[in-house]
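Step one of this worksheet: look at the structure below.
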Amino acid sequence: QVQLVESGGGLAQAGGSLRLSCAASGRTFSSHATGWFRQAPGKEREFVAAISRSGGRTTYADSVKGRFTISRDNAKNEVYLQMNSLKPEDTAVYYCAAAATSYSGIYYTTAKQYSYWGQGTQVTVSS
């Protein structure tokens, strides 16, 4: 069982930066691939970024590629999302998710592949 708690959301101006953190409970966090998703009002939850359990492989949605960076620190049981060059269209509730996997190099890009979710943190970008 893994519990996830996001933090770091808030208000930013367009062009600014925010860093989201996701703290995980449980000693098996290093056995989980993790990802970030977001959901804007009136829209479906969408994939943002994912990282393998080892941290060696990452992938991003085209809309954030080159602006966002996902990373993790398994010693601290944390996952991060560094968001630079923010745009108003990045405004959403951001969710951290985790999925147990036996493979160190795998990541997942669809919500249904994840078993554990945080409660979300609001990110608002003003123009």
Side-chain angles (χ1 to χ4, degrees):
Q1 192 80 0
V2 174
Q3 292 184 324
L4 305 171
V5 179
E6 302 95 335
S7 62
L11 179 63
Q13 290 188 335
S17 299
L18 285 174
R19 188 193 194 209
L20 305 184
S21 297
C22 174
S25 64
R27 293 178 296 175
T28 62
F29 178 66
S30 60
S31 298
H32 291 70
T34 59
W36 288 94
F37 289 76
R38 66 187 182 186
Q39 187 167 17
K43 295 187 177 181
E44 294 187 353
R45 190 170 299 190
E46 65 173 359
F47 168 75
V48 175
I51 188 167
S52 62
R53 72 178 205 184
S54 68
R57 296 189 68 214
T58 59
T59 190
Y60 300 89
D62 287 343
S63 59
V64 306
K65 200 171 294 183
R67 300 188 297 121
F68 291 10
T69 302
I70 187 172
S71 61
R72 66 188 295 162
D73 185 337
N74 285 340
K76 294 183 178 180
N77 278 8
E78 291 186 344
V79 179
Y80 311 101
L81 186 68
Q82 178 66 45
M83 305 186 296
N84 298 329
S85 301
L86 284 163
K87 304 175 180 180
E89 52 262 45
D90 294 320
T91 295
V93 177
Y94 283 71
Y95 297 91
C96 175
T101 177
S102 300
Y103 303 100
S104 62
I106 200 168
Y107 51 65
Y108 304 110
T109 59
T110 60
K112 64 181 181 181
Q113 293 173 301
Y114 288 91
S115 301
Y116 305 103
W117 292 85
Q119 82 290 348
T121 186
Q122 176 70 46
V123 171
T124 302
V125 183
S126 62
S127 57

Completion exercise
The reported gap from CD in Q13 to OG in S127 (rounded to nearest 0.5 angstrom) is 9.5 Å
Practice task
Identify, with sequence neighbours excluded, every residue that meets salt bridge (Lys or Arg N to Asp or Glu O under 4.0 Å) alongside K43.
Solution key: none
Practice task
May I ask you to list the residues sharing a hydrophobic cluster with Y114, side-chain cutoff 4.5 Å, ordered by chain and number?
Solution key: F37, F47, V93, Y95, Y103, I106, Y108, W117
Handout entry: Side-chain donor or acceptor of R57 paired with backbone N/O of S52 under 3.5 Å
Key = no
Practice task
Mind checking side-chain contact (heavy atoms from CB on, under 4.5 Å) for S30 and listing every partner two or more places apart, or none if nothing turns up?
Solution key: N74
Handout entry: Rounded distance [0.5 Å steps], OG in S7 versus CZ in R19
Key = 9.5 Å
Practice task
Find the distance between CZ (R72) and SG (C22) and round it off to the nearest 0.5 Å.
Solution key: 9.5 Å
Handout entry: Partners meeting side-chain hydrogen bond (donor to acceptor under 3.5 Å, both in side chains) with T121 (sequence neighbours left out)
Key = none
Exercise for the section: Supply the atom-to-atom distance S115 OG to Q1 CD, rounded to the nearest 0.5 angstrom. Expected result: 9.5 Å
Exercise for the section: Keeping the roles fixed (side chain from Q82, backbone from T69), state whether a donor-acceptor pair exists under 3.5 Å. Expected result: no
Problem - ILVMFWY cluster membership beyond Y80 - transitive side-chain contacts under 4.5 angstrom - result: none
Problem - Exam field: side chain E6 to backbone Q119, donor-acceptor pair closer than 3.5 Å - result: yes
Handout entry: Remaining members of hydrophobic cluster (4.5 Å side-chain criterion), Y107
Key = none
Handout entry: Residue list, side-chain hydrogen bond (donor to acceptor under 3.5 Å, both in side chains) with Q113, at least two apart or on another chain
Key = T110
Problem - Residues which pass side-chain hydrogen bond (donor to acceptor under 3.5 Å, both in side chains) with Q122, listed by chain and number, not counting sequence neighbours - result: T124
Completion exercise
Cluster membership besides Y60, Ile/Leu/Val/Met/Phe/Trp/Tyr side chains within less than 4.5 angstrom, sorted by chain and number, is L18, L20, F29, W36, V48, I51, V64, F68, I70, V79, L81, M83, L86, Y94, V123, V125
Problem - Contacts of type salt bridge (Lys or Arg N to Asp or Glu O under 4.0 Å), residue R38, not counting sequence neighbours - result: E46, D90
Fill in the blank from the handout: Residue set satisfying side-chain hydrogen bond (donor to acceptor under 3.5 Å, both in side chains) with S17, at least two apart, ordered chain then number -> N84
Handout entry: For A98, side-chain contact (heavy atoms from CB on, under 4.5 Å) partners two or more places apart
Key = L4, H32, T34, Y116
